[in-house]
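Right, one structure below, let's go through it.
Values below: every heavy atom of this structure, side chains too, minus hydrogens, waters and symmetry copies. Quick note on labels: first sequence line is chain A, next is B, and so on, each numbered from 1.
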2 protein chains.
Amino acid sequence: MTSEQPLPQEPTLTIAQVVERTGLSHDTLRYYEKAGLIQRVGRTTGNQRRYEAADLAWLEFLIRLRETGMSIADMQRFAALRARGDATVPDRLAMLREHRADLADRIRALRRNAASLDDKIDHYERLLDQPGSDELS
Amino acid sequence: MTSEQPLPQEPTLTIAQVVERTGLSHDTLRYYEKAGLIQRVGRTTGNQRRYEAADLAWLEFLIRLRETGMSIADMQRFAALRARGDATVPDRLAMLREHRADLADRIRALRRNAASLDDKIDHYERLLDQPGSDELS
DNA sequence: GTAGAACCTGGAGTGTGCTCCAGGTCAAGC
DNA sequence: GCTTGACCTGGAGCACACTCCAGGTTCTAC
């Protein structure tokens with residue numbers, strides 16, 4: 001009795017298309033799936049992966065976590081919480097806030113280090129302007 | 001004929017003292033020396049390392065390079081230039097400028113990513129305020 | 001002079017995050 | 001129907017930056 005209208009099927013992407021859109025390699029995508037970072041992706045009858053828009057959005061979020069220095073292990077924890085549904089939103093929020101705070105710390109440290117690189121660069125520029133001063137600086 | 005006055009000897013540091021001051025481990029210090037990141041450090045007659053102030057300053061600079069994401073391989077190149085003396089100042093300056101520019105790029109990217117983490121955090125906060133909206137976000 | 005802590009060496013081992021491989025199966029164009 | 005390229009799997013291998021280990025030597029305090 002269920003009316004099976006052929007809904008305008010959401011378009012799916014082959015792994016090659018996801019590689020192109022995300023910049024992740026085939027192997028990394030399979031590794032992430034094996035590691036549980038993404039829930040098992042849809043398959044064709046022939047067992048080939050077909051990614052949906054939601055998969056892509058989640059991958060892009062994972063990439064953001066990775067680029068901000070989150071470890072695979074922590075991403076696994078986050079993904080596991082997400083898989084458990086809405087009840088884990090507070091936990092996920094806490095994880096993100098902590099990660100965000102760490103990131104702020106790291107950015108501050110980088111800026112401090114950048115400033116001292118600038119000092120060293122200035123030092124070398126002065127050396128070039130008035131050479132013959134000292135060695136090994 | 002060289003008058004060997006016992007000059008007020010520059011105080012040197014044992015490896016344990018350098019560990020304490022730099023936060024690098026014994027093994028890392030030996031690894032850096034083996035890798036040529038620091039020139040062979042002075043030794044006692046009994047072959048134990050004694051670090052001078054200049055060694056410490058250089059280690060601190062290396063730490064800064066490392067913390068700003070320079071690879072060991074690049075640090076080796078930098079250290080090799082430094083060992084060749086003042087003639088390589090232009091090359092060292094070029095390396096540092098390039099590294100500094102990379103760092104600026106990475107800091108910018110981190111800030112962009114931090115902003116999108118903030119968006120995600122906001123999203124979760126709204127989910128908590130008005131629950132029951134949607135899943136897997 | 002001796003105990004115990006600190007130090008030495010070369011080389012093997014580790015954790016992280018992929019990356020590659022062999023040996024297959026599947027899909028699309030002709 | 002056949003070719004050819006895309007895709008599949010489990011598992012081995014790799015680059016990086018350390019970290020650990022065994023077995024020996026040196027230093028310091030008593």
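Judged as a side chain to side chain donor-acceptor pair (under 3.5 Å), and not counting sequence neighbours, the contacts of A/Asn113 are B/Arg64, B/Glu67. B/Arg49 meets the salt bridge (Lys or Arg N to Asp or Glu O under 4.0 Å) test with B/Glu33; sequence neighbours excluded. By the side chain to side chain donor-acceptor pair (under 3.5 Å) test, B/Ser71 pairs with no residue at all, sequence neighbours left out. Residues meeting the side chain to side chain donor-acceptor pair (under 3.5 Å) test with A/Thr14, sequence neighbours left out: A/Gln17. Remark: A/Ser25 pairs with A/Thr28 by the side chain to side chain donor-acceptor pair (under 3.5 Å) rule, at least two apart or across chains.
For the pair A/Leu29/A/Val18, a side-chain contact is recorded, criterion being any heavy-atom separation below 4.5 Å from C-beta on.
A side-chain contact (heavy atoms from CB on, under 4.5 Å) with A/Trp58 holds for exactly one of A/Asp55, A/Leu56, A/Leu62; it is A/Leu62.
Non-hydrogen atoms lying under 4.0 Å from DNA chain C are contributed by B/Thr14, B/Ile15, B/Ala16, B/His26, B/Arg30, all within residues 14-33 of chain B. A heavy atom lying under 4.0 Å from DNA chain C marks the following residues of residues 53-69 of chain A, by number: A/Arg66.
Distance CD (B/Gln76) to C1' (D/dC18): 13 Å, rounded to an integer number of Å. Rounded to an integer number of Å, the gap from A/Arg43 CZ to D/dC7 P is 12 Å.
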Q.
Protein within reach of the bases, or only the backbone? For nucleotides 25-30 of chain D, mark each nucleotide 5' to 3' as B, S or -, using heavy atoms under 4.0 Å.
A. -SS---
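Pairs engaging residues 15-30 of chain B under the salt bridge (Lys or Arg N to Asp or Glu O under 4.0 Å) rule: none recorded [sequence neighbours left out]. Applying the ring pair (Phe, Tyr, Trp, His ring centres under 6.0 Å) definition to pairs two or more places apart or across chains, none involves residues 30-53 of chain A. Applying the side-chain hydrogen bond (donor to acceptor under 3.5 Å, both in side chains) rule to pairs touching residues 94-109 of chain A yields A/Thr68-A/His99, A/Arg97-B/Glu125, A/Arg100-B/Asp118, A/Asp105-A/Arg108, sequence neighbours excluded.
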Q: Please test B/Tyr124 against B/Asp119 for side chain to side chain contact (heavy atoms under 4.5 Å, CB included), starting from the C-alpha separation and ending with a verdict.
A: CA-CA 9 Å; B/Tyr124 275 133; B/Asp119 290 346; over 6 Å; no
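For the atom pair OG1 of A/Thr88 and CZ of A/Arg84, the computed distance is 6.0 Å after rounding to the nearest 0.5 Å.
Between chain A and DNA chain C, the heavy-atom contact criterion of under 4.0 Å yields a 5' to 3' nucleotide range of C/dG17 to C/dA27.
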